[in-house]
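Everything on this sheet refers to the single structure shown next.
A note on names: the letters A, B, ... follow the listed sequences, proteins ahead of strands, and every chain is numbered from 1.
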There are 2 protein chains.
Amino acid sequence: MMTPDALGDSPILEQCREKGLKVTGQRRVIAHVLSEADDHPDVEELYRRAIVIDPKISVATVYRTVRLFEERGILQRRNFGSGRARYEATDHGQHYHLIDANSGRVEEFHDDELDALLQKIAARMGYDLITTRLEIYGRGVKKRT
Amino acid sequence: MMTPDALGDSPILEQCREKGLKVTGQRRVIAHVLSEADDHPDVEELYRRAIVIDPKISVATVYRTVRLFEERGILQRRNFGSGRARYEATDHGQHYHLIDANSGRVEEFHDDELDALLQKIAARMGYDLITTRLEIYGRGVKKRT
DNA sequence: ATAAGTGCAAATGTTTTGCAGCTAC
DNA sequence: GTAGCTGCAAAACATTTGCACTTAT
């Protein structure tokens, strides 16, 4: 095992500190794992990655932490079909998801035109856009030989 | 109580029949409730509405029915944040959701430009678009006096 | 006749919580 | 010192399922 304090301050941990939350060993580990992740892990997966660094963290703490971080706007919860909630860092920036219907693989993408259009639609309907959630389900186009 | 057979064949029941599923009293009721609904009820709510018509339907059957209907493409499952899955008829057509962040109220909308753009994005990324799921969270713009 | 559907209650899977003991501030 | 965290195990939810019985076709 590796002691949590050996980890530097990840971007997410910084936010945790800024929001006045206590910086504990567990949070340092969980924040680290989340900052490293370039996928969309669920709690079980976060837990698995966390206990590699510090085996005495409990799942309950992982649940409590992601919930708290989500309430504080540090994380975003996603729901891609399966029973479990998945998380990703808010500071990864606004983006959308394209999900391969065959493999379940999730690709992130950005699109300025889309940003603008959604903004416009919200305004037209009388709302200030706070956030959006978009998933495109697609099937990979076969290349012809 | 009112006997289920007193209900006519709702559009959803028709689809049920077309797909070769058996037409039972329970399915007639559940299909009816779904066809009537212009909101996005969860299972508990569907159950509540169903037992008004026929009190001997069980929740398990409602769960089994919405699951089956979803697999057969008759219903779509949605996930607006709360713990429970919500359902709406596929034949309501392709549309998007705008959710009032204050009240939680869900408004449906259509937008051709958006349809086209999403289509284009999927293609650019090498996919045939199967379906999309879009939720805009917004805050109602205050009218000035 | 028989494959499919149902009700009930028990099982499952995910997430939350009460409580007593720690710990960052 | 104390408000805030944590671990553990139990509880709370949402959903699924095994089984024996019923029903649509």
Side-chain angles (χ1 to χ4, degrees), chain A residues 1 3-5 7 9 12-31 33 40-48 50-51 53-72 74-75 77-87, chain B residues 1 3-5 7 9 12-14 16-31 40-48 50-51 53-72 74-75 77-87:
Chain A
M1 143 183 184
T3 141
D5 315 280
L7 299 168
D9 281 14
I12 289 185
L13 193 73
E14 279 311 333
Q15 295 183 64
C16 176
R17 202 191 299 282
E18 281 162 23
K19 311 255 178 193
L21 301 172
K22 288 192 177 171
V23 173
T24 64
Q26 293 88 328
R27 288 184 182 170
R28 192 181 294 274
V29 173
I30 296 168
V33 169
H40 308 80
D42 57 33
V43 169
E44 211 55 47
E45 179 58 28
L46 285 173
Y47 175 61
R48 253 178 263 124
I51 56 179
I53 306 176
D54 176 356
K56 63 185 197 304
I57 292 177
S58 83
V59 230
T61 296
V62 181
Y63 271 107
R64 276 193 275 237
T65 303
V66 292
R67 191 172 210 254
L68 181 66
F69 283 8
E70 199 215 341
E71 282 163 2
R72 295 303 209 274
I74 301 174
L75 294 180
R77 195 191 335 179
R78 303 283 172 186
N79 242 109
F80 314 134
S82 75
R84 298 128 104 121
R86 294 156 149 248
Y87 293 88
Chain B
M1 142 182 185
T3 144
D5 315 279
L7 299 168
D9 282 14
I12 290 185
L13 193 72
E14 280 310 334
C16 177
R17 202 192 298 281
E18 281 161 23
K19 310 257 179 193
L21 301 172
K22 288 192 177 171
V23 173
T24 65
Q26 292 87 329
R27 288 185 180 168
R28 192 181 294 274
V29 172
I30 295 168
H40 308 81
D42 57 31
V43 169
E44 210 56 46
E45 179 59 29
L46 284 173
Y47 176 61
R48 252 178 265 123
I51 56 179
I53 306 177
D54 176 356
K56 64 185 196 303
I57 293 177
S58 82
V59 229
T61 296
V62 181
Y63 272 106
R64 276 192 276 238
T65 303
V66 291
R67 190 171 210 254
L68 181 66
F69 283 7
E70 198 215 343
E71 282 164 2
R72 294 304 210 275
I74 300 174
L75 294 181
R77 197 195 328 183
R78 303 282 173 189
N79 242 108
F80 316 133
S82 75
R84 298 127 105 118
R86 295 158 147 246
Y87 294 87

Inset, instruction - Please round to the nearest 0.5 Å and tell me the distance separating atom OH of Y87(A) and atom CD of E45(A). - result: 14.5 Å
Legend entry - Rounded distance in Å - CZ (R17(A)) to C1' (dG4(D)): 16 Å
Inset, instruction - Check every atom of dG7(D), dT6(D), dT23(C) against the side chain of R27(A) and return the nucleotide holding the closest atom. - result: dT6(D)
Inset, instruction - Tell me which nucleotide among dG7(D), dT6(C), dA24(C) gets nearest to the side chain of T61(B). - result: dT6(C)
Inset, instruction - Look at the side chain of R64(B) and the base of dG7(C), then say whether one donor and one acceptor between them are separated by less than 3.5 Å. - result: yes
Legend entry - D54(B) bridged to R28(B) by N-O distance under 4.0 Å: no
Legend entry - Nearest-angstrom distance from the residue atom CD1 of I57(A) to P of dG7(D): 7 Å
Inset, instruction - Please round to the nearest 0.5 Å and tell me the distance separating atom CZ of R72(A) and atom NZ of K19(A). - result: 8.5 Å
Inset, instruction - Answer yes or no: does a side-chain N or O of T65(B) lie under 4.0 Å from OP1 or OP2 of dG5(C)? - result: no
Inset, instruction - Provide, to the nearest angstrom, the distance between the CD atom belonging to E45(B) and the P atom belonging to dC13(D). - result: 18 Å
Inset, instruction - Let me know the distance between CZ of R72(A) and P of dC5(D), rounded to the nearest Å. - result: 8 Å
Inset, instruction - Could you tell me the separation between the CZ atom of R77(A) and the C1' atom of dT16(C), rounded to a whole number of Å? - result: 12 Å
Inset, instruction - Assign each of L21(B) and A85(B) to its nearest nucleotide of DNA chain D by heavy atoms, then name whichever residue's nucleotide is nearer the 5' end. - result: A85(B)
Legend entry - Shortest side-chain distance from Q26(A), nucleotide among dT15(C), dT23(C), dG7(D): dG7(D)
Legend entry - Between P of dG5(C) and CD of E71(B), the distance in whole Å: 11 Å
Inset, instruction - Consider the side chain of V43(A), meaning its heavy atoms from C-beta on, and name the nucleotide among dC8(D), dC8(C), dT15(C) that approaches it most closely. - result: dT15(C)
Legend entry - Donor-acceptor under 3.5 Å (R27(B) side chain, K22(B) main chain): yes
Inset, instruction - Starting at atom CD1 of I30(A), determine the distance to atom C1' of dC5(D), rounded to an integer number of angstrom. - result: 11 Å
Legend entry - Value rounded to 0.5 Å, distance of CG in L75(B) from CD1 in I30(B): 10.0 Å
Legend entry - Candidates dG7(C), dC8(D), dA3(D) - which lies nearest the side chain of K22(A): dA3(D)
Inset, instruction - Identify whether any heavy atom of V59(A) sits under 4.0 Å from a base atom; if not, whether one sits that close to sugar-phosphate; answer base, sugar-phosphate or nothing. - result: nothing
Inset, instruction - Choose from dA14(D), dG5(C), dC8(C) the nucleotide whose nearest atom is closest to any side-chain atom of Y63(B). - result: dA14(D)
Inset, instruction - Provide, to the nearest angstrom, the distance between the CZ atom belonging to R28(B) and the P atom belonging to dT6(C). - result: 12 Å
Inset, instruction - Report yes if at least one side-chain N or O of R67(B) is closer than 4.0 Å to OP1 or OP2 of dT16(D); otherwise report no. - result: yes
